[in-house]
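Reviewing the structure listed below.
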Amino acid sequence: MPELPEVETIVRALRKPLVGRSFSKVTVLWPNSIKTCVKTLKSELPGKKIQSIERRGKYLRFNLSDNHTLFLHLKMSGDLLVASKNDASDPYARTIFSFKDGNELRFRDTRKFGSVHLVKNVNKVIGNLGPEPLDKSLTAQSFIELFQNRRGTLKPLLLDQTFIAGLGNIYVDESCFLSKIRPTKKVERIKPKELMTLYKAIQKVLTKAIKHNGSSFDSVYRGGNFQNHFAVYGRTNEPCIKCKSLIKRVILGGRSTHFCPNCQK
DNA sequence: CTAAAATCCTGGTGGC
DNA sequence: TGCCACCAGGATTTTA
């Protein structure tokens with residue numbers, strides 16, 4: 001399930017082969033992936049040039065000529081591969097973006113949750129996203145202020161992309177472990193000092209994960225190996241790396257949640 | 001406001 | 001060995 005570090009890894013890998021290229025054709029193999037008008041996508045994209053590629057939260061953002069922006073979201077099982085049109089076809093390719101030079105960008109997505117958006121106004125896609133956890137503008141002070149007047153359970157709040165953008169199930173659990181805070185804790189009971197610790201933990205976990213090119217599992221593989229560094233995620237009933245207590249698993253907001261009952265308060 | 005449940009999907013898993 | 005019910009899970013929508 002690609003989260004911020006996986007999307008960042010993919011964006012970095014796509015820049016070299018794609019920036020400067022112009023689209024020639026779009027082949028839509030699973031129309032439900034396209035969240036904007038399919039006809040418009042097919043008629044407008046050909047001829048547009050990729051000027052730059054960025055990440056915003058878990059979205060890939062392609063800044064195109066003529067003030068258009070293409071957004072891709074990988075959701076659970078999406079991946080992006082650059083291939084030649086002569087390469088073997090991919091049964092899980094849902095949208096194929098062809099370029100004039102014979103190469104293509106293949107949006108593959110086994111579970112079909114991913115999305116494609118072609119817009120002029122970027123706010124239609126990313127207008128409600130919360131701050132970037134690794135952006136310099138998110139200071140410790142402004143991070144703590146995000147929690148003002150918020151109530152409820154910590155984990156669902158951190159998963160809320162309008163609260164903070166880019167965190168998913170894995171990195172929330174890992175950040176909570178590193179900050180020694182239980183994901184089940186009520187945010188109104190978390191002290192500013194603990195929030196400071198959480199702020200640093202989120203940055204540390206994400207930075208380390210990016211350094212490892214993200215995590216490789218489910219259907220996404222980018223050579224990342226951060227999955228070998230999980231402290232709690234997927235380690236139910238295994239000993240805590242710090243204290244040997246058995247890692248607990250509970251369901252929170254419908255998602256499996258892992259924590260050390262001894263280290264995390 | 002918080003939050004739970006349903007929704008979209010399919011490969012993998014566990015039970016028998 | 002084979003069949004099948006079941007499940008994860010990001011974000012959105014619906015319902016409380």
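Chain identifiers are assigned alphabetically (A, B, ...) following the order of the sequence lines, protein sequences preceding nucleic acid strands; residue numbering begins at 1 within each chain.
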**Report entry** Plane angle bin for A:His117 and A:Phe71 - parallel if under 30°, tilted between 30 and 60°, otherwise perpendicular
**Finding:** perpendicular
Requested in this report: Give a yes or no on whether the backbone of A:Lys25 and the side-chain of A:Thr27 come within a donor-acceptor separation of less than 3.5 Å.
Outcome: no
Report summary line: Separation of C:dA11 atom P from A:Asp160 atom CG, nearest Å, is 9 Å
Requested in this report: Identify the two heavy atoms, one from A:Pro17 and one from A:Val82, that lie closest to each other, and give their separation to 0.1 Å.
Outcome: CG-CG2, 4.2 Å
Query raised in the report: With a non-hydrogen cut-off below 4.0 angstrom, is A:Lys186 in contact with a base, only sugar-phosphate, or nothing?
Result: sugar-phosphate
Query - Span of DNA chain B, from the first to the last nucleotide whose atoms fall under 4.0 Å of chain A heavy atoms - result: B:dT2 to B:dG11
Requested in this report: Remember a base hit wins even if backbone is also touched, and classify A:Asn32 as base, sugar-phosphate or nothing at under 4.0 Å, heavy atoms.
Outcome: sugar-phosphate
Report summary line: Taken to the nearest whole Å, CG/A:Leu72 to P/C:dA11 is 14 Å
Requested in this report: Assign the ring pair A:His212 / A:Phe226 to parallel, tilted or perpendicular, where the plane angle (0 to 90°) is split at 30° and 60°.
Outcome: tilted
Report task. Spell out, as yes or no, whether a donor-acceptor pair under 3.5 Å connects the side chain of A:Gln227 to the backbone of A:Ser216. Result -> yes
Report task. For A:Ser115, report the nucleic acid contact type (base, sugar-phosphate, nothing); a contact means any heavy atom under 4.0 Å. Result -> nothing
Are there any protein N/O atoms within less than 3.5 Å of an N/O atom in nucleotides 7-10 of chain C, and if so, which ones and at what distance?
unit_1: C:dG9; atom_1: OP1; unit_2: A:Tyr233; atom_2: OH; d: 2.6
unit_1: C:dG9; atom_1: OP2; unit_2: A:Ser256; atom_2: OG; d: 2.5
unit_1: C:dG10; atom_1: OP2; unit_2: A:Arg255; atom_2: NE; d: 3.3
unit_1: C:dG10; atom_1: O3'; unit_2: A:Lys58; atom_2: NZ; d: 3.4

Report task. Return the minimal non-hydrogen interatomic distance between A:Pro133 and A:Ile164, and the atom names on each side. Result -> CB-CD1, 3.9 Å
Report task. Kindly say whether A:Gly166 contributes a backbone atom to a donor-acceptor pair with the side chain of A:Glu3 at under 3.5 angstrom? Result -> no
Requested in this report: Just jot down the ring-ring contact (aromatic ring centres under 6.0 Å, His included) partners of A:Tyr199, sequence neighbours excluded, or say none.
Outcome: A:Phe143
